[in-house]
Structures are given as C-alpha cells and as structure tokens.
Amino acid sequence: MKHIIKQIVLDAARKSFETGMLPSGQIPDMEIEEPRHQSQGDLSTNIAMVSAAVQKIAPKKIAQILVSNMDQKDFIEKIEIAGPGFINFFLRPGAWHPVVDRILEADDRYGASDAGKGEKIQVEFVSANPTGPLHVGHGRGAAVGDAVGNILAFAGFRVSKEYYINDSGRQIKTLGRSVWFRLQELAGRLVEFPDDCYKGDYIHDLARQVMEQEGPDFADQKDDLAIPVCAGYAASQILKQIRTDLEDFGVVFDQWFSEQSLYDSGRLEKTITDLKTRDLVYEKEGALWFRTQDFGDEKDRVVVRTNGLTTYFASDIAYHQEKYERGFHRVIDVWGADHHGYINRMAASIMALGKKNEQFQVILVQLVNLLRGGKPVQMSTRAGEFVTLKDIVDEVGKDAARFMFLSRSYDSGLDFDLEVAKQKNSDNPVYYVQYVHARIAGILSKAQDQNLVTDIDFTRGTNLSLLVQAEEINLIKILAGFPGQVEKSAETCHPHVIFTYLMSLASAFHAYYNRHKVIIQDRSLSLARLSLALAVKKVIRNGLSLLGVSAPERM
RNA sequence: GCGCCUGUAGCUCAGCUGGAUAGAGCAACGGACUUCUAAUCCGUAGGCCACAGGUUCGAAUCCUGUCAGGCGCGCCA
C-alpha cells in the first residue's frame, strides 16, 4: 500500500514540475508513514516539508500544489493537508481488502523479499569455548544470532550460521588439567586443586568417565601425557553437550569451525606470512605486532608473542580471512558485551586485508540479569555455580526462553525472570502471541465441524468487501505492515522489531475476537472473517518462526 | 583517565536513519465469560523522555558537555 501511495506522490511531484507549478524537479528523500492518530488518515507523507529547502516555497504551499496535481483514485476517500505540511491520505476500507488475499496466496512466504539479492552472509554466534556448559548469556547470543540469521534469510540473503570452536590454546589445556586433577582425587591422591582450574561439577563427571575409559592405571600416567588425553576427551564431550543443548533450544548450525584446524591446515601460518609480505606487521621487543592503529584501532596488537606462540587475535585474523575466501560478502559476529574492546582491532585487521567497512559487523549483545521472583540469582563462574542454558530450557521451555531473550533490543541489558517466563498467564508474552494462533486454529476447526468449510480452499471467492468493522480494517492494516517490519528488522539486524510487531498484531486480534464473532449465521460474512482469521494465523506463524518460536494449534 | 552500551509512566521496556497530541506490558483501581479457548478484552489513573546548552520550520530522536548505571581497556581467550 505504501508504495502505491508513494507512486501517486511522485507522479504528482513530476507533474507539478512539468507544468511549472514547482520550480524544481528535485525530490528529496521522503517518507510514507502511518500516522499515530486516526484523524491524520491512514497514510501520510512529509514530502512537502522535506522539499521546502529545494523549492524555496513554504511547505503548506507545496502540499497544496502537489495535492492539486494528484490523480483521483477510487480507493482514496480524501486527501488532507495538515499540521506543518503533512499530506494525509484517507483510504476506503476496500483499499485494504486485497492484503488478505495476498497473505493467503503467499502463505509462509508472506513477508519474505529478495532485498538481499542472494548475497552471501555469514552469521557467527555463540562460539563458546568447549570448557563448560552454556550459560544464560550464551542463550541470549544464541537466540539473537539464530533469529538474525532467519530474518536475513527471509529478506533474501543466503545465510550460513556458524559456530567457531575455540579448541586450541590455554583454556583447553586448563580444562585438561582440571579433569586430570579431579581424576587424581578420584584415584585417592591428595592433590591441591589449582585455583585457575574449572570447578564445576561436570569436571568430576568427566574425570570419572576418563578413568573408566582409560582404566585404573591411567592415574599413574605422567602429567604431560595424561593432560592432553583428558583435554581431548573433555572438550569433545562438552562440545557434544553444547550441540545438544543448542538443538534443544532450537538452534542448528550450518557449520562448526575448529580453531585448531587453522593450525593443522597451515592456514594460520599462511596468514602470518601474508601479513609480513604486505608489511602489515613489524617486530618489536621480540614480538610480532599488527599495525592495527593505522586502521582505526587505539594501538597496535601482538599476533606472535615473544615465546613464539600466536595470540588468539592471530587465529581470529586467519579465521576471518578464511570466511571471506569462502565467498561471504558480509560477515556478522555476535559477541557478548564484555568483548567490545575487541571490535576495533578485529575491524582494523579486516580493513587492513582489503575489506570494506560494511562487510564486517559485530552485534554486541548486552548482559542478561537472571532473576527469580524479582531477586537476582547468584552466580559464580569461578566457583562453577551458574544456571545453564539447559537448566533454563528445562524449567521454562524453549519457546518462552527464546521469546524472552528476543523481547528487548540487544543494546539493552535484559532482566530475565525465571518465575515470569514459567508462568502461563498474561505476564508471559509468549503465550499472549501463541494464544492467538491456537485460538484461530480452534475457530477453524469449529468451522469445519459445522461444515461451514470443507477444505482449506474455502477462501477462494470469499467476499472480503464484507469486512467493514473498524477492528477488521485495523487488523488488516497491521497485517499489511508485516513485510515492512521484516525489512526494518533485517536492515537493522534487530530481531526485537519482530517481537514488538507480533505483540501489536496479537493485541489487535484479541480485541477483535472479544468484540466480534467469526462464525455467525451469515455464511458469507463468516467466510470473509474466517479468511481474515486465517491470514492472521499465517502471519503470526511466520513471525514466530523467524524468532524460532513454535506456533501451537492448541494450548 | 580513555572507549562502548544504557538513562522514557511506580517497575520492565518499545519509539531513536528528526515530524503532528510520546506508546505497550506489569503493578493500582473499576468493569466484561450461558458465546469460536477469560492464557482474553474494555475503561480509569499514571510523564520536566536524566540534566544543561546547541543545530532548525520542527528534537525523546542529531551534536557538545555534565551526572548516573553496566561493561571493557593483556605478549589472556
């Protein structure tokens, strides 16, 4: 609907210029928007105001000229000039009815677009070290990354979701040591458990498993030999668990990428050589430094340490270089807010290697504040006491957890109250939206019971012009806005836009439901309303599915 | 000290690529089930959009500064 109005406005502007009523043919960026108040019409444009500068005429005057040059259309009831120069369009109800048909036709593709033109985008998220179970923060990152991927795919990009496994380096060794020391304890040896080791209960379990697998003599092994065995076993087990937990959370990755593979394949070494060739690095005090400062970072960064070992940054450079070589035009990393200090150097290294600013983007997800009944849940990673993602999914369910994580902008910290997420009432937004879907499913099944409709094709030939109630037109207007919201969500990479949209659609439907009955004596009207209800059901489902939340037929 | 994020109703937050009279949920108060699911709806009340300047026809939105909160500033990952 917006683009139809936009065309009318543009035509009027062109005509005004051609007939000499406006001095300039230049048309600045203008907007077609839905005004807040009904008295301001269905759609509105600010073209007169934004044109004032180039036309050198008062906005109201421009508006008058434009309106006088607009073609009469039968779906437009009237056009008004208001406020500082807005042109407000009042549409007849009939203007909105075709939207319902479009939704029923497009079905699960309603809202999709080809805006991305098939461009390849990679979204990398979670990427937690396989040294322990995923916690709440990872959950939010997982929900955001997954939803952003879904939304971009829906907007016509070719999306690949990837998990980067930090299976190399010190923390893996620490994991191995942690298991090894616990195993020593199991073998009855008194050892002092080091402070820098992981203290969670799962370490005990892993130690037991290693002991069973390797036999009773294993505890006598030398540290140097045993620790890598422990590390290898523990990391693969934990990774397996992470994968399972994510699947239970509805997240499936297209690719799992191992940091260690960068070493094994010689990729990392190649990158370092490459950096040297390009003179992007220099030696100082025995270390090798990347000239990130030349590309916007606060200072230069070490890639090879004095001891000859590469830094985490080095593998990340190689990894990202490798991403682009795989053909991704754009790369999005989803990170926890505590990593924001890392953005500049990462971006700098990518610029240095010849990529454009817009080809790399970091989504910084702010921290989650876990509450239970309004009180903070005490957590200590150090002591190994924390609520895991699995705990949360087990307690409140996948849908509630995901919906809650995506309810707010990731720019804001999030209060996640387990009690609220568990409640099956109006405090809990997920049910509010899902309930619409279930309610409509109920209506449709009743319609079938009464033989009002015999197959899913009932909408064909329905007389939608019977939908004239204010609540019905309002509902259709909201339905018409879905593609625009998907577009906005994709452009900004903000999934909560979809959340907010779903809440408003659900609210409009509940209001309609309470005011009007769908199945009534009048068969034609019933069919029209059933079509509308079905359209709502489809849009709710499409929106929920972008967020990775199910749309139940019954609740 | 420097950098990033945040500051909007009692609480949790939308709105922020500038637009007209700033919204929702919860909490409070008052109503609506003999109906297709009350996991719902309707109404009332609630605001110096942290503060101070600036930009302009117009600022919650953009810029500068101040204050407050969160996070980060390793040859760790």
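Per chain, numbering begins at 1; letters A, B, ... match sequence-line order. Hydrogens, waters and symmetry mates are skipped; everything else that's a heavy atom, side chains included, is used.
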Distance (rounded to the nearest 0.5 Å) between A/F86 CZ and A/K60 NZ: 11.5 Å
Between A/S349 and A/F360, is any pair of side-chain heavy atoms under 4.5 Å apart? no
Which nucleotide, B/A14, B/C36, B/G19, lies nearest any side-chain atom of A/Y513? B/C36
As a test of your reading of the structure, name each stem of RNA chain B as range with range, where a stem is three or more consecutive Watson-Crick or G-U pairs at under 3.5 Å. B:1-7 with B:67-73, B:10-13 with B:23-26, B:28-32 with B:40-44, B:50-54 with B:62-66
Rounding to 0.5 Å, atoms CZ (A/R529) and CG (A/L466) come to a distance of 9.0 Å
Near RNA chain B, under 4.0 Å by heavy atom, which residues of residues 291-303 of chain A? A/K299, A/V302
Counting the atoms with a prime plus P, OP1 and OP2 as sugar-phosphate, which does A/A533 contact under 4.0 Å by heavy atoms, base, sugar-phosphate, or nothing? nothing
When the C1' atoms of B/G69 and B/C76 are compared, how many Å lie between them, rounded to an integer? 27 Å
With a 3.5 Å cut-off and sequence neighbours excluded, list the donor-acceptor pairs that the side chains of residues 34-43 of chain A form with protein atoms.
unit_1	atom_1	unit_2	atom_2	d
A/D42	OD1	A/K477	NZ	2.4
A/D42	OD2	A/L91	N	2.6

Please figure out whether A/N344 or A/A438 has its closest RNA chain B nucleotide nearer the 5' end. A/N344
Side-chain atoms of A/Y431 come closest, of B/U40, B/C4, B/A39, to B/A39
Taking only the side-chain heavy atoms of A/Y312 (C-beta and beyond), determine which of B/U40, B/A77, B/G23 contains the nearest atom. B/A77
If the cut-off is 4.0 Å, is A/R529 near the phosphate of B/C36, judged by side-chain N/O to OP1 or OP2? no
For B/C63 versus B/G72, give the span between their C1' atoms, rounded off to a whole number of Å. 25 Å
Got a sec: does the NZ of A/K6 have more than 12 other heavy atoms crowding it under 6.0 Å? no
Taking the C1' atom of each, how far is B/C71 from B/U55, in whole Å? 31 Å
Measuring from A/L152:CG to A/C493:SG, what's the distance to the nearest 0.5 Å? 5.0 Å
Phosphate-side-chain proximity, A/R439 and B/C36, N/O vs OP1/OP2 below 4.0 Å: no
Considering only side-chain heavy atoms of A/E31, which listed nucleotide, B/G18, B/G15, B/C75, is closest? B/G18
A correct 5'-to-3' footprint of nucleotides 28-34 of chain B, with B, S and - meaning base, sugar-phosphate only and no protein heavy atom under 4.0 Å, is -------
Kindly indicate whether the side chain of A/S409 and the base of B/A14 share any N or O donor-acceptor pair separated by less than 3.5 Å? no
Does any donor-acceptor pair link the side chain of A/N88 with the base of B/A20 at a separation under 3.5 Å? yes
Rounded to whole Å, how long is the line connecting atom CG of A/D411 with atom C1' of B/G70? 13 Å
Would you say whether A/Y432 stacks on B/A39? The test is a distance between ring centres of less than 5.5 Å and an angle between planes of less than 30°. no
Less than 4.0 Å between a side-chain N and a carboxylate O, is that true for A/K537 and A/E553? yes
Should A/T45 and A/I5 be marked as a side chain to side chain contact (heavy atoms under 4.5 Å, CB included) after you check the CA-CA gap, both sets of side-chain angles, and the distance that decides it? CA-CA 9 Å; A/T45 179; A/I5 295 295; 5.9 Å; no
Testing B/U6, B/G19, B/C71 for proximity to the side chain of A/M49, the answer is B/G19
cation_pi(A/R439, A/Y513) dist<6.0 Å, angle<=45: yes
Which nucleotide sits closest to the side chain of A/R408: B/G23, B/A14, B/G3? B/A14
Does A/V549 offer a backbone N or O that forms a donor-acceptor pair with the side chain of A/D399 under 3.5 Å? no
Rounded distance in Å between the C1' positions of B/C67 and B/G30: 41 Å
Counting side-chain heavy atoms from C-beta on, which of B/U40, B/C75, B/A20 comes nearest to A/T311? B/C75
Does a side-chain N-to-carboxylate-O contact under 4.0 Å join A/E162 and A/K323? no
What does A/H339 touch in the nucleic acid at a heavy-atom separation under 4.0 angstrom: a base, only the sugar-phosphate, or nothing? base
For residues 170-179 of chain A, pull every pair meeting side chain to side chain donor-acceptor pair (under 3.5 Å), keeping only residues two or more places apart or in separate chains. A/R177-A/D196
Using the C1' atom as the reference point in each nucleotide, state the distance between B/C11 and B/G46 in Å, no decimals. 13 Å
Surrounding CG of A/D449 (heavy atoms of other residues, nucleotides or ligands, distance under 6.0 Å), is the total greater than 12? yes
Interatomic distance at P, B/A45 relative to B/G25, whole Å: 15 Å
How does protein reach along nucleotides 42-51 of chain B, written 5' to 3' as B (base within reach of a heavy atom under 4.0 Å), S (only sugar-phosphate), or - (no contact)? S---------
Remember a base hit wins even if backbone is also touched, and classify A/E285 as base, sugar-phosphate or nothing at under 4.0 Å, heavy atoms. base
Does B/A77 have OP1 or OP2 sitting under 4.0 Å from an N or O in the side chain of A/R305? yes
Is A/H510 stacked on the base of B/A39, with ring centres under 5.5 Å apart and planes under 30° apart? no
Give A/L367 one of three labels, base, sugar-phosphate or nothing, depending on what nucleic acid heavy atoms sit under 4.0 Å from its own. sugar-phosphate
From the list B/G3, B/G23, B/C36, which nucleotide is the closest neighbour of the side chain of A/H37? B/G23
Taking atom C1' in both B/U8 and B/A24, compute the distance separating them and give it to the nearest angstrom. 13 Å
Nearest whole Å is fine: how far is B/G19 P from A/E34 CD? 15 Å
Counting N and O atoms only, with roles assigned by atom type, does the side chain of A/N369 sit under 3.5 Å from a partner on the main chain of A/L414, one being a donor and the other an acceptor? no
Whole angstroms only, please: what is the CG-P distance between A/N369 and B/C11? 16 Å
Does A/H516 place a side-chain N or O at less than 4.0 Å from the phosphate oxygens OP1/OP2 of B/C36? no
Syn or anti for B/C33, taking syn as within 90° of 0? syn
With nearest nucleotides of RNA chain B determined for A/P84 and A/A337 from heavy-atom distances, which residue corresponds to the more 5′ nucleotide? A/P84
Give, for atom OH of A/Y282 and atom CG of A/L275, the distance between the pair rounded to the nearest 0.5 Å. 13.0 Å
Separation of A/N166 CG from A/I172 CD1 (nearest 0.5 Å): 8.0 Å
Is the A/H339 ring parallel, tilted or perpendicular to the A/W335 ring (thresholds 30°, 60°)? tilted
Using a 3.5 Å distance criterion without hydrogens, assess whether the side chain of A/T311 forms a donor-acceptor pair with backbone atoms of A/V302. yes
Closest to side chain of A/M555, choosing from B/G19, B/A39, B/U21: B/A39
Distance between the C1' atoms of B/A32 and B/G23, in whole angstroms? 25 Å
Which nucleotide wins on minimum distance to the side chain of A/H340, given the candidates B/C36, B/C4, B/A77? B/C4
With a 3.5 Å cut-off and just heavy-atom distances, do the side chain of A/T306 and the base of B/C75 make a donor-acceptor pair? yes
